[in-house]
Amino acid sequence: MSAHLLSLILFLPLAGAIATWLTGLFGKSDKATRAVAFVSSMAVLAISIVLLVKYQIVPKTGRMQFLESATWIPSLGINYALGIDGISLFLVLLTTAITPIVIVSARVSKGLAGYLALLLALETGMLGAFLALDVVLFYVFWEAMLVPMYFLIGIWGGERRIYAAVKFFLYTAAGSLLMLVALLYVFMAFKTQTNVYSGAIFDLWSVSLTHTEQLWLFAAFALAFAIKVPMFPLHTWLPDAHVQAPTGGSVVLAAVMLKMGTYGFLRWALPMFPSAAMTLAPLFLSLSAIGIVYGALVAMVQPDMKKLIAYSSVSHLGFVMLGLFAFDSAAVTGSVMQMVNHGISTGALFLLVGVLYDRLHTREIARFGGLAKVMPMYAAIFLLVTLSSIGLPGTNGFVGEFLILIGTFRAAPLAAAVGGLGVVLGAVYMLWLYQRVLLGPITREENRHVTDVSRLEVAYLAPLLVAILFLGIYPKPVLERIEPAVQYTLDHVQQKSGKAPRFTLSERSDSSNFTLSERSESKGSPR
Amino acid sequence: MSPVGTQHYLVVAGLMFAFGALGVLWRRNALGVLLSVEVMLNAGNVALVAFARERGQVDGQALALFVMAVAAAEAAVGLALVVSVFRTRRTVNLDELGELRG
Amino acid sequence: METTAAAGAPVALNALWLIPALPLAGAAVNGLRALFVRWTPGSADHAHDHGASAGHGDQAHEHDHDHGPAGAWPAGWIATAFMLAAFGVAMWAFVTQLLPLHGAGLTTDPMPWIVAGNVEIHARLLLDPLSGLLALVVTGVGTLIHLYSVGYMAHDENRDRYFAYLNLFAAMMLILILGDSLPLLFVGWEGVGLCSYLLIGFWYTDEQKAIAGKKAFVVNRVGDLGFLLGMFLLFAAAPTQPSLTFSSLADVAHGHFSPILLTTACLLLFVGACGKSAQFPLYIWLPDAMAGPTPVSALIHAATMVTAGVYMIARLHFLFELAPIACAVIASVGAFTALFAATMGFVQNDVKKVLAYSTVSQLGFMVMAVGAAGTGYIAGVYHLTTHAFFKALLFLGSGSLIHAMHHALPADADPNDIRSMGGMRHKMPWTFRTFIVGWAAIAGFPFFSGFFSKDEVLASTLHSERLASTFTYLPQILFAAGVLAAACTAFYMTRLLILVFFGKPRMGAAAEPKVHESGWQMVVPMVVLAVLSALGGILWAPLFGWAPLEHFLAPVIMGQSGAFLAGVHSAPHFDWTPTILATAAFVAGTWLAHYLYIAHPEMPTRLAARRRGLYRMLWNKWFVDEAIEGIFVNPVRKISESVLWKGIDVGVIDGTVNGVGALAAKAGAAVGRLQTGLTQNYAVGITGGVAVLAVYVLARLYS
């Protein structure tokens with residue numbers, strides 16, 4: 001059973017999707033449909049918790065755990081290869097945890113079965129991208145994610161949903177196509193160098209390419225991932241997608257799908273083309289810093305709440321990208337953790353927007369005001385999530401932001417300083433939002449009679465709130481699992497690019513955990 | 001004056017072909033196009049017969065007879081199409097028959 | 001600074017965690033109860049409930065609603081009990097564990113918090129003379145103010161929420177003080193900022209109060225950015241110290257950091273201190289913070305939170321001492337702020353605003369002292385302590401006044417306005433007696449606590465070797481500014497005293513009989529603080545050759561080697577200059593106030609009329625708020641909206657994206673025009689193509 005845990009996690013949502021759709025066709029009520037979907041997603045979550053429990057913190061043999069491999073296209077050396085490490089572990093958990101929440105909170109006027117089925121299918125796509133250890137497999141899942149999301153926005157979205165859905169699809173696919181070309185080039189390069197076809201990740205990590213080749217290939221991969229992140233200036237699809245998407249779609253989009261881009265950088269682009277990455281690091285650091293400030297400033301002046309949060313995502317993910325390109329273990333670990341943190345806090349924010357939308361059918365900030373008086377529990381929850389978003393110590397957001405900034409400062413002080421502005425600006429726009437929506441007097445008659453959050457709403461928000469506090473106070477279990485994977489990746493990057501390591505871990509009191517003597521980069525299946 | 005040689009026939013055939021081609025490409029009336037096609041075909045016939053005469057072989061003449069037969073068949077089909085189009089569209093002006101525009 | 005006992009083995013005292021944990025527990029108890037009691041689960045399906053408990057209206061103060069959400073729950077007593085317990089633990093630890101160590105410190109066992117890469121931050125508390133003293137001040141004064149709040153907030157239907165926030169604040173402040181590393185200090189630092197936000201905007205249905213809270217948080221965050229950058233700089237420069245504990249930093253400070261780096265880091269950290277301790281120009285949040293309940297102003301914005309910056313500099317003295325330029329900047333900013341803020345107290349008519357500017361000014365004194373280095377660190381902490389006593393007292397007194405005026409005046413009148421007070425010494429005798437003790441302390445009446453602490457501040461500035469090393473006359477200049485500021489302090493405080501407590505009552509015949517003294521929960525804390533303000537001088541009174549505070553804190557400031565105390569003012573004989581000049585300042589200021597407000601009461605209006613411009617500048621607080629709004633806030637907002645959003649994002653970037661789409665569509669349409677649907681056109685094309693090919697082939701054949 002343990003041998004096929006990952007496949008189970010991967011395909012169970014798809015099975016659930018089919019079951020949900022069938023229940024919708026033949027079943028009697030929406031309740032039954034929702035129950036089937038919920039049970040499937042909870043089953044996936046349960047299995048992923050088993051995965052967490054069985055995960056070895058510092059793997060002694062090799063770097064990936066729960067490996068599975070089956071031949072797929074033997075003549076081209078493309079395998080169905082899955083594996084998980086510290087980086088993908090928490091992203092998988094985030095995905096499997098968010099999906100039940102979205103299923104429970106879904107409120108659509110029509111076609112619930114289709115909606116839930118698409119969400120589950122989307123889950124499979126996302127999990128596949130996180131778990132794939134073969135580049136072609138990764139690409140398949142990467143593209144596969146787009147289809148359910150397109151339908152989710154296009155069918156259940158707002159007034160300009162078609163425009164937003166098409167924009168989302170074409171923008172992302174355009175980048176992906178360039179990535180496909182680059183991917184094939186690397187694939188063929190490996191064949192040329194070793195006379196063996198292979199799409200396995202660690203094989204492709206070891207392909208030797210000239211610096212110029214690396215630059216072009218990295219640019220192609222980076223384009224695809226940068227669109228997904230989204231990095232400034234390739235971010236404009238996000239506000240439209242978020243505003244037009246239904247609440248559940250927005251939550252999944254923000255919480256998980258945006259992490260695909262950053263994950264892609266860390267897992268594929270940086271290790272395959274390290275010297276190109278290092279050469280281009282100043283560019284990416286600058287764009288990230290600009291994105292942090294720009295996203296925050298534009299968020300500040302948005303009249304639509306969802307658009308504000310969308311731009312805040314641009315700002316937050318700028319932090320993540322900043323940390324990645326610092327090539328510092330602390331910064332990158334912070335980035336990975338911040339990926340999870342952002343998923344939690346921004347997911348919660350979108351859910352909260354959904355709560356208001358369900359009651360007042362508007363997202364315009366000017367239509368709210370003074371709601372804390374009539375929705376005190378909502379106001380308290382909103383405050384906690386706001387504090388997480390602005391990185392108050394004690395919340396999860398601080399741990400990630402702190403690690404990113406302190407690690408980046410060593411490598412690129414100016415970028416870190418500019419990014420630090422995000423700390424101030426984040427407080428500005430979030431607290432101003434909080435004030436306009438919840439504080440002050442009630443100015444509109446319809447706001448006077450709004451009801452507070454229901455027990456169900458609190459129930460599905462609670463896991464996120466608990467995570468915010470728990471990870472803020474005791475992040476150790478997460479950090480200690482992420483770090484070895486990050487360290488392995490960074491070591492590979494340093495080795496392959498030939499640059500000397502900047503800092504060693506010798507000063508850490510638990511540095512004995514990092515004996516990197518066993519390095520197994522073999523041809524064939526990943527180890 | 002030199003006797004009339006093969007080249008004279010070829011020039012005539014060439015001129016006939018050119019006029020026929022121009023007619024095909026330029027005329028607006030479908031019947032006119034069909035007539036121009038006939039002219040082109042006959043130009044080909046003239047050339048064939050001229051070459052047959054020059055070589056002293058019968059092949060060209062035989063081919064010319066084939067061409068005439070084909071021309072007759074093609075004229076019949078073409079006229080049938082024109083009549084059919086006229087029945088539905090009440091026009092044989094080719095400029096007005098552009099439904100396949102993209 | 002020692003973290004081990006005399007025997008050399010670390011003394012672990014995990015019970016120290018109780019000190020912040022107890023208020024935190026109190027916050028949880030009151031907070032969760034307050035939250036759940038107000039929650040009526042609704043439903044998205046029935047979004048509107050008609051006529052249900054939706055709000056009791058939007059008055060800024062909810063009074064006389066004893067049946068409101070807070071109900072009969074004894075939130076205040078619970079909160080005060082937890083605070084008292086924390087004070088008890090602090091006192092116990094101080095007396096039984098700390099004092100015997102003679103200057104060494106106690107720590108708890110480290111708990112790993114953030115460990116990744118080269119970063120290794122543990123949560124660990126440190127109780128040494130400095131933090132022990134301040135822990136006692138925070139818990140002690142905090143308990144008194146909690147007790148006072150029980151009376152002050154007795155009729156507020158949201159008092160359970162209030163006490164939760166107040167306890168949370170105390171917990172965060174204690175973490176700030178007791179944390180043994182910069183990151184942990186920062187946790188408390190931001191935590192108190194949060195509680196300040198929550199408490200200033202406590203009556204959030206009033207938009208202006210909510211805005212004031214947000215202003216406080218944002219301005220503090222600007223300072224926090226400086227703090228973070230300074231911390232990062234130190235971390236980057238000291239890779240062998242992944243934990244940024246004070247002891248580890250002290251170990252490497254000498255000789256490890258380059259002067260430029262150290263100065264930059266110190267200045268960045270000072271920016272943080274400016275935000276928290278309200279120095280120019282980051283002081284603008286403090287006067288607005290008076291929107292919160294008065295006990296909050298007393299605790300947070302007088303006695304504790306605002307002193308965090310001073311504490312941080314004192315704690316990191318070993319860094320600042322090695323950066324004379326930073327010291328000079330700090331001391332100068334402090335002196336300037338002291339004088340600048342004092343001038344604004346001249347014309348304010350809101351009693352809390354006078355005290356707010358007074359706080360900024362007094363903080364300037366403290367900052368000037370720690371900028372002076374040497375004994376300045378001790379002097380700053382001394383003034384911090386006495387200021388906590390007398391300023392809290394003054395604020396509590398003003399709260400007592402406001403409370404009384406609020407009940408007496410009609411609802412739309414401003415209870416804070418001193419122009420409607422007057423003659424209060426007969427109506428509120430206990431408030432008067434305690435307030436005048438506070439006045440004596442702050443103005444520098446000889447032998448009260450403020451007299452001694454202000455003396456030490458001025459003396460350490462005048463004798464500062466660090467300041468003199470940057471510019472020979474800097475100590476004297478700053479000293480002069482300090483004396484002048486002391487005179488101003490005496491003036492405006494005496495003005496306040498006279499206008500409120502003396503003269504004839506001005507509140508109107510209707511209100512006058514309703515003014516009465518406050519209850520015992522409010523009076524007792526004031527009396528206790530009055531005693532402390534009066535007798536606080538026993539901590540350090542070199543005039544009488546009596547300096548227990550100096551000896552107590554010296555091990556912390558001097559460090560293990562005893563080497564750093566440059567510019568020690570342990571002159572063989574006591575220097576009379578500061579004392580004489582400070583007393584002269586007190587006399588001058590008091591006399592001037594007496595002249596203007598008792599002897600010749602028509603003078604102030606005449607002066608205001610004669611010097612319109614100057615009066616306007618003072619009345620409008622030198623237009624600093626407007627300047628900052630005009631230079632930073634509004635332009636940023638406008639540029640973000642028109643240039644960044646509409647210009648770049650929608651115009652350029654989205655324009656490009658949509659433009660690409662439109663281009664594709666247009667190109668398709670253009671190419672599509674070739675498909676005319678007319679067969680003859682296609683025939684032309686074919687013919688042309690054939691002709692070209694034929695020419696080409698023939699040319700090839702015959703070339």
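The chains referred to below are lettered A, B, ... by the order of the sequence lines, with proteins before strands, and numbering in each begins at 1.
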Contact leader toward chain C among A/Phe402, A/Tyr171, A/Tyr378, where contacts are heavy-atom pairs under 4.5 Å:
A/Phe402

Strictly distance-based, threshold 3.5 Å: is any side-chain N or O of A/Tyr474 a donor or acceptor partner for the main-chain N or O of C/Pro112?
no

Set out, in order, the CA-CA distance, both residues' side-chain angles and the distance that settles side chain to side chain contact (heavy atoms under 4.5 Å, CB included) for C/Arg637 and A/Leu297, then state yes or no.
CA-CA 8 Å; C/Arg637 193 168 295 178; A/Leu297 287 176; over 6 Å; no

A/Leu234 portion near chain C, given a 4.5 angstrom heavy-atom threshold
neither

Using non-hydrogen atoms only, which part of C/Tyr197 is less than 4.5 Å away from chain A: side chain, backbone, both, or neither?
side chain

Any donor-acceptor pair under 3.5 Å linking the side chain of C/Trp39 with the backbone of A/Val453?
yes

Could you look at C/Met231 and say if it's the side chain, the backbone, both or neither that has a heavy atom under 4.5 Å from chain A?
side chain

Side chain, backbone, both or neither: which part of A/Leu456 has an atom under 4.5 Å from a heavy atom of chain C?
neither

So, the side chain of A/Arg410 versus the backbone of C/Phe232: is there a donor-acceptor pair under 3.5 Å, distance only?
no

Interface moiety of A/Tyr434 toward chain C, non-hydrogen atoms closer than 4.5 Å
side chain

Sort out for me which of A/Met337, A/Met300, A/Gln302, A/Lys167 touches chain C most, counting heavy-atom pairs under 4.5 Å.
A/Gln302

Under 4.5 Å to a heavy atom of chain A? For C/Asp224 that would be neither

Keeping C/Arg221 on the side-chain end and A/Val423 on the backbone end, is there a donor-acceptor pair under 3.5 Å?
yes

Which portion of C/Ile121 sits near chain A, non-hydrogen atoms under 4.5 angstrom
side chain

Any side-chain heavy-atom pair of A/Thr451 and C/Thr40 under 4.5 Å
no

Of the listed residues (A/Gln435, A/Glu480, A/Lys476), which shares the most heavy-atom pairs with chain C below a 4.5 Å separation?
A/Gln435

With rounding to the nearest 0.5 Å, note down the distance linking OH in A/Tyr294 to OG in C/Ser640.
9.5 Å

Looking only at the side chains, is there a donor atom on one of A/Thr236 and C/Asp654 sitting less than 3.5 Å from an acceptor on the other?
yes

Relative to chain C, which segment of A/Tyr357 carries a heavy atom at a distance below 4.5 Å: side chain, backbone, both, or neither?
neither

If one checks every heavy atom of C/Val657 against chain A at 4.5 Å, the contacting part turns out to be side chain

Using 30° and 60° as the class limits, which term best fits the ring planes of A/Phe398 and C/Trp113: parallel, tilted or perpendicular?
parallel

Let me know if C/Phe217 has heavy atoms under 4.5 Å from chain A in its side chain, its backbone, both or neither.
side chain

Shortest non-hydrogen pair, C/Val115 vs A/Glu483, comes out as O-OE1, 4.0 Å

Below 4.5 Å, heavy-atom pairs only: which of C/Leu35, C/Ile639, C/Val636, C/Val218 has the largest tally toward chain A?
C/Leu35

Top of A/Ile406, A/Val424, A/Leu425, A/Leu438 for chain C proximity - count of heavy-atom pairs under 4.5 angstrom
A/Ile406

Apply side chain to side chain contact (heavy atoms under 4.5 Å, CB included) to A/Leu383 and C/Leu198, showing your working.
CA-CA 10 Å; A/Leu383 183 66; C/Leu198 292 172; 3.6 Å; yes

Minimal non-hydrogen separation, C/Leu225 against A/Gly420, with atom names
CD1-O, 3.2 Å

Side chain, backbone, both or neither of A/Val458 within contact of chain C (heavy atoms, under 4.5 Å):
side chain

Under 4.5 Å from any heavy atom of chain A, what part of C/Ile114 do you find: side chain, backbone, both or neither?
both

Only one of C/Val652, C/Ile653, C/Thr656 forms a side-chain contact (heavy atoms from CB on, under 4.5 Å) with A/Pro233, so which one is it?
C/Ile653

As an exercise: rank A/Leu170, A/Thr333, A/Leu431 by heavy-atom pairs under 4.5 Å with chain C and give me the winner.
A/Leu431

Against chain A, label C/Leu233 side chain, backbone, both or neither, depending on which of its atoms sit under 4.5 Å from a heavy atom there.
both

Shortest non-hydrogen contact from A/Pro376 toward C/Arg38
CG-O, 3.5 Å

Heavy-atom pairs under 4.5 Å with chain A: which of C/Val660, C/Asn220, C/Ile648 has the most?
C/Ile648

Correct closest heavy-atom pair for C/Ala116 and A/Ala330 would be O-CB, 3.5 Å

Restricting to non-hydrogen atoms, name the atom on A/Leu439 and the atom on C/Ala210 that form the minimum distance, rounded to 0.1 Å.
CD1-CB, 3.8 Å

For C/Trp645 and A/Val301, which heavy atoms make the closest approach, and how far apart are they?
CZ3-O, 3.9 Å

Which one wins on heavy-atom pair count under 4.5 Å against chain A: C/Met111, C/Lys646, C/Gln208, C/Glu641?
C/Glu641

With chain C, which of A/Val399, A/Leu421, A/Leu405 has the greatest number of heavy-atom pairs at distances under 4.5 Å?
A/Leu405

Measuring heavy-atom distances to chain C, does A/Leu490 have an atom under 4.5 Å in its side chain, in its backbone, in both, or in neither?
neither

Please flag which part of A/Trp237 lies under 4.5 Å from any non-hydrogen atom of chain C: side chain, backbone, both or neither.
neither

Residue among C/Leu194, C/Val222, C/Leu228 with most heavy-atom pairs under 4.5 Å to chain A:
C/Leu194

Begin from the C-alpha positions of A/Phe409 and C/Leu229 and carry the test side chain to side chain contact (heavy atoms under 4.5 Å, CB included) through to its verdict.
CA-CA 8 Å; A/Phe409 193 86; C/Leu229 291 177; 4.0 Å; yes

